[in-house]
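Worth knowing before you read on, the calculation uses all heavy atoms, side chains too, and leaves out hydrogens, waters and symmetry mates. Residue numbers start at 1 and run along the sequence shown.
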Amino acid sequence: MTEVLESLIQGFGTALTFKNIIAALVGAIIGIIVGAIPGLGSVTGVALLLPLTFNMEPVTGIIMLAGIYYGGMYGGSYSAILINIPGDSPAVTTALDGYPMSQKGKAGKALFTANMSSFIGGTIGIIILTFMGPLLAQIGLAFGPPEIATLILLALCSVGWMLGENPRKGVIGTMIGILLATIGVDMTTGSSRFTFGSPNLLSGLSFIPLVIGMFGFSQILEMVTQKLKADAGELKVTIKESLLDKNEIKRTLPVSLRSGFLGNFIGILPGAGATTGSLLSYIFQKRVSKNKDEMGKGSMEGVSASEAGNNGAAVGAFAPLLSLGIPGSGTAAVLLGGLMMWGLQPGPLLFEQQPDFVWGLVSSLYIGNILTVVAALLIIPLLMHIIRIPTSIMVPVITVVCIIGAYSYQNSMFDVWAMIITGIIAFFLKSRDYPIAPLLLAFVLTPRLEEAVFQSFASSGGSASIFFSSPISLLFLLMIVVFIISPVVFNLIKKNNEKKDDSMVS
C-alpha cells in the first residue's frame, strides 16, 4: 500500500506538469465533442487523433488519448439525452431514461446526473486501477472465450425481459437485433449470410447508421406525425437549476457507486467493453430498484446506472491493457497500438521498467476526470439551448445531422439509405410498443457472442462440455436458466394468487 502511494505521488509529479495538464484538458474537451457527435465515438476519435501524438513524449501522448477516451464516455450521453440519438453504443441505455427526462423538462437534471455519475463511476475505476490493477488483470485472464460467451448470452437473455414494458415484445426485439447482426460474411465458414446478392451487405449492417436511424430518424418521424411542440423559448436553465437536491442525491449516489464497481469489473474482461458494462449495470439496477416501474420512463436512477457503468468499464479496460497487454475494448486496442508505436511493450514488466510512464498515466486519470466533469458541467447551459429550438427548425436540423452522420461513417450513400429504412422500421415498431433498445444492444453484442462461441468450440474440438467445465461459465448458465424461468414462475404465482382472491371474494 505504501509503495503504491509513493509511486502515485511520483506520478502526480509527472502528470501535474503544464504540458501534461494541457494535454489532459485538450483530450477531455475533444473527447466530449467527439462523443456527443452521432457517428463518431471514442474509438473513431482516438484513432483519428492518434497521428497527432506521434511527436509527443509517450506520457503526454497517452494522457491526451486517455482524455479523449473517457471524455467520449461523457459526451455520448449529451445527444442521447437531448435529441434521443446516442453518441455511441454505451449511451443507448442512457437514452432510455435520459430523453424521457428531457421531454419532461428535466434535461438539465438529466445532464447533471449523467455527468456526476460518469465522474463517480470513473473515479471508482481509477482508484481500483491504482491499487488492484495487476490483480484485476489476472482475474480478467480467468475469463476465456467460454466465460465471455456465457456472460454475453446472459446479457442477451436478460435485456429482452428487463427493457420495455412488455417482456414478450422485448424478447422479439432482441431476436430481431440478433438476426440483423448475422447479415454479412460468416466468420467461421467465410460464406455470405442474408446478403441477397448485395456487395454492400457483405460487411454487414453498420452500427452507426443503424443507431442513427432507429433513434434519430424515427424520432423525426414521430415529431412530424405527432406534431410535438418543442418550443420552449421562455425556458432558461442554469447550472444552479440543474443541481440535484438532497433527495435526488440520495437516489442516485448509491446507484452510481454500485454501477461503478460493476462496470469496472466488466471493463477488465477482454471483449466485454463499456456497452456491456452500461447494459448490465442498468439491468441490475432495474432488478434491485424500488422504483423499477419508473425506469424507461424518465428515471434518474436509470441514467445514473448507465453512465456510471460505462465510465467504470472504460477505466477498467486500462488494467488488462497495462498489466497484460490485452485490450478490453476497441478503444483500448487503438491505445495499445499507440503504446507500441512509442516503443513501449505493455505487460507485467511495464510497471517495473517504465514506472514514470505507468504512474504518470494513472495519476493523470485523476486529474483528467476532474477536468472533464468541470468542462462537462460548464457547457450544460449552452446545451440547453438545443431543447428551446422550435420543432419547425429542429426537424430539418436533426434530419441533416442524421444524414451527415450516416454518410460520414464510411462515405457511403448505402449507409444513408440503411439509416432511413431502419428509421422507418423503428418508427413502426415503436408505434406498436416494441422497444428499440434491446434490438440495438443485441446487434452490438451478437458478433462478440459469435466470436467467443467459435473460439470456445475451436479450443474444445467442437465439444460443448467446455461451457460446463468452468465454474464461472456454469454459474452464468445457471443465471440464464433463472432469467428465463423466473418470469414464467412469477406469472404462475400471480395467476394462482388472483384465483385465490377470487375464490375468497365469492
Participant: Got a second to check how far K106's NZ is from E248's CD, nearest 0.5 Å?
Facilitator: 7.0 Å

Participant: Can you name the nearest heavy-atom pair linking A442 to T174, along with the distance?
Facilitator: CB-O, 3.4 Å

Participant: Check T252 against M300 and note the closest heavy-atom contact, atom names and distance.
Facilitator: CG2-CB, 3.9 Å

Participant: Could you walk me through whether F284 and L262 pass side chain to side chain contact (heavy atoms under 4.5 Å, CB included), step by step?
Facilitator: CA-CA 9 Å; F284 183 77; L262 177 59; 4.1 Å; yes

Participant: So which pairs with a foot in residues 26-36 pass side-chain hydrogen bond (donor to acceptor under 3.5 Å, both in side chains), sequence neighbours left out?
Facilitator: none

Participant: Rounded to the nearest 0.5 Å, what separation is found between the CG atom of D97 and the CD1 atom of I81?
Facilitator: 10.0 Å

Participant: Which pairs of donor and acceptor atoms, one on a side chain in residues 20-27, lie under 3.5 Å apart (sequence neighbours left out)?
Facilitator:
from, atom 1, to, atom 2, distance (Å)
N20, OD1, T60, OG1, 2.6
N20, ND2, T14, O, 2.7
N20, ND2, T17, OG1, 3.0

Participant: Identify the heavy atoms of S363 and F12 that sit nearest to each other, and give their distance.
Facilitator: OG-N, 3.1 Å

Participant: Evaluate the side-chain proximity of I120 to N311: yes if any heavy-atom separation is below 4.5 Å, no if none is.
Facilitator: no

Participant: Among side-chain atoms of T113 and S304, is any donor-acceptor pair under 3.5 angstrom?
Facilitator: no

Participant: Side-chain contact test, heavy atoms from C-beta onward, threshold under 4.5 Å: evaluate it for T94 versus Y99 and give yes or no.
Facilitator: no

Participant: Within this structure, what is the CD1-CZ distance for the pair I127 and F131, rounded to the nearest 0.5 Å?
Facilitator: 7.5 Å

Participant: If you look at every heavy atom in K430 and M214, which pair is closest and at what distance?
Facilitator: NZ-O, 3.9 Å

Participant: Is a side-chain donor or acceptor of T422 paired with a backbone partner of M419 at a separation under 3.5 angstrom?
Facilitator: yes

Participant: Mind running side chain to side chain contact (heavy atoms under 4.5 Å, CB included) on L179 and M175 for me, showing each step along the way?
Facilitator: CA-CA 6 Å; L179 288 173; M175 294 173 65; 5.5 Å; no

Participant: Could you go step by step and tell me if N369 and Y74 meet the side chain to side chain donor-acceptor pair (under 3.5 Å) rule?
Facilitator: CA-CA 10 Å; N369 202 29; Y74 280 77; 2.9 Å; yes

Participant: F217 versus I424: any side-chain heavy-atom pair under 4.5 Å?
Facilitator: yes

Participant: Looking at CD of E147 and CD1 of I152, how far apart are the two atoms once the value is rounded to the nearest 0.5 Å?
Facilitator: 12.0 Å

Participant: Can you confirm whether T130 sits close enough to W359 that some side-chain heavy atom of one is under 4.5 Å from a side-chain heavy atom of the other?
Facilitator: yes

Participant: Could you walk me through whether Q285 and R258 pass the side chain to side chain contact (heavy atoms under 4.5 Å, CB included) test, one step at a time?
Facilitator: CA-CA 9 Å; Q285 177 57 30; R258 185 166 55 236; 2.6 Å; yes

Participant: Side chains of S412 and D415: does their closest heavy-atom pair fall under 4.5 Å?
Facilitator: yes

Participant: Does some side-chain heavy atom of T123 sit less than 4.5 Å from a side-chain heavy atom of F119?
Facilitator: yes

Participant: Quick check for you: to the nearest 0.5 Å, what is the distance between I126 atom CD1 and L365 atom CG?
Facilitator: 5.0 Å

Participant: Let's go through S278 and S306 carefully: what are the C-alpha distance in whole Å and the side-chain angles of both, what is the deciding distance for side chain to side chain donor-acceptor pair (under 3.5 Å) to 0.1 Å, and is it a yes or a no?
Facilitator: CA-CA 5 Å; S278 173; S306 174; 2.9 Å; yes

Participant: Report the distance from atom NZ of K297 to atom CG of L96, rounding to the nearest 0.5 Å.
Facilitator: 13.0 Å

Participant: Would you check if L439 and Y434 make a side-chain contact, meaning some heavy-atom pair closer than 4.5 Å?
Facilitator: no

Participant: For S281 and G263, work out which heavy atoms get closest and say how close.
Facilitator: OG-N, 4.0 Å

Participant: Side chain to side chain contact (heavy atoms under 4.5 Å, CB included) between N115 and Y78: does it pass, once the steps are laid out?
Facilitator: CA-CA 9 Å; N115 290 331; Y78 292 167; 3.2 Å; yes

Participant: Without swapping roles, check the side chain of S117 against the backbone of A114 for a donor-acceptor pair under 3.5 Å.
Facilitator: no

Participant: Can you name the closest pair of heavy atoms from G277 and A313 and give their distance?
Facilitator: CA-CB, 4.3 Å

Participant: Heavy atoms, side chains only, cut-off 4.5 Å: are E307 and N310 in contact?
Facilitator: yes

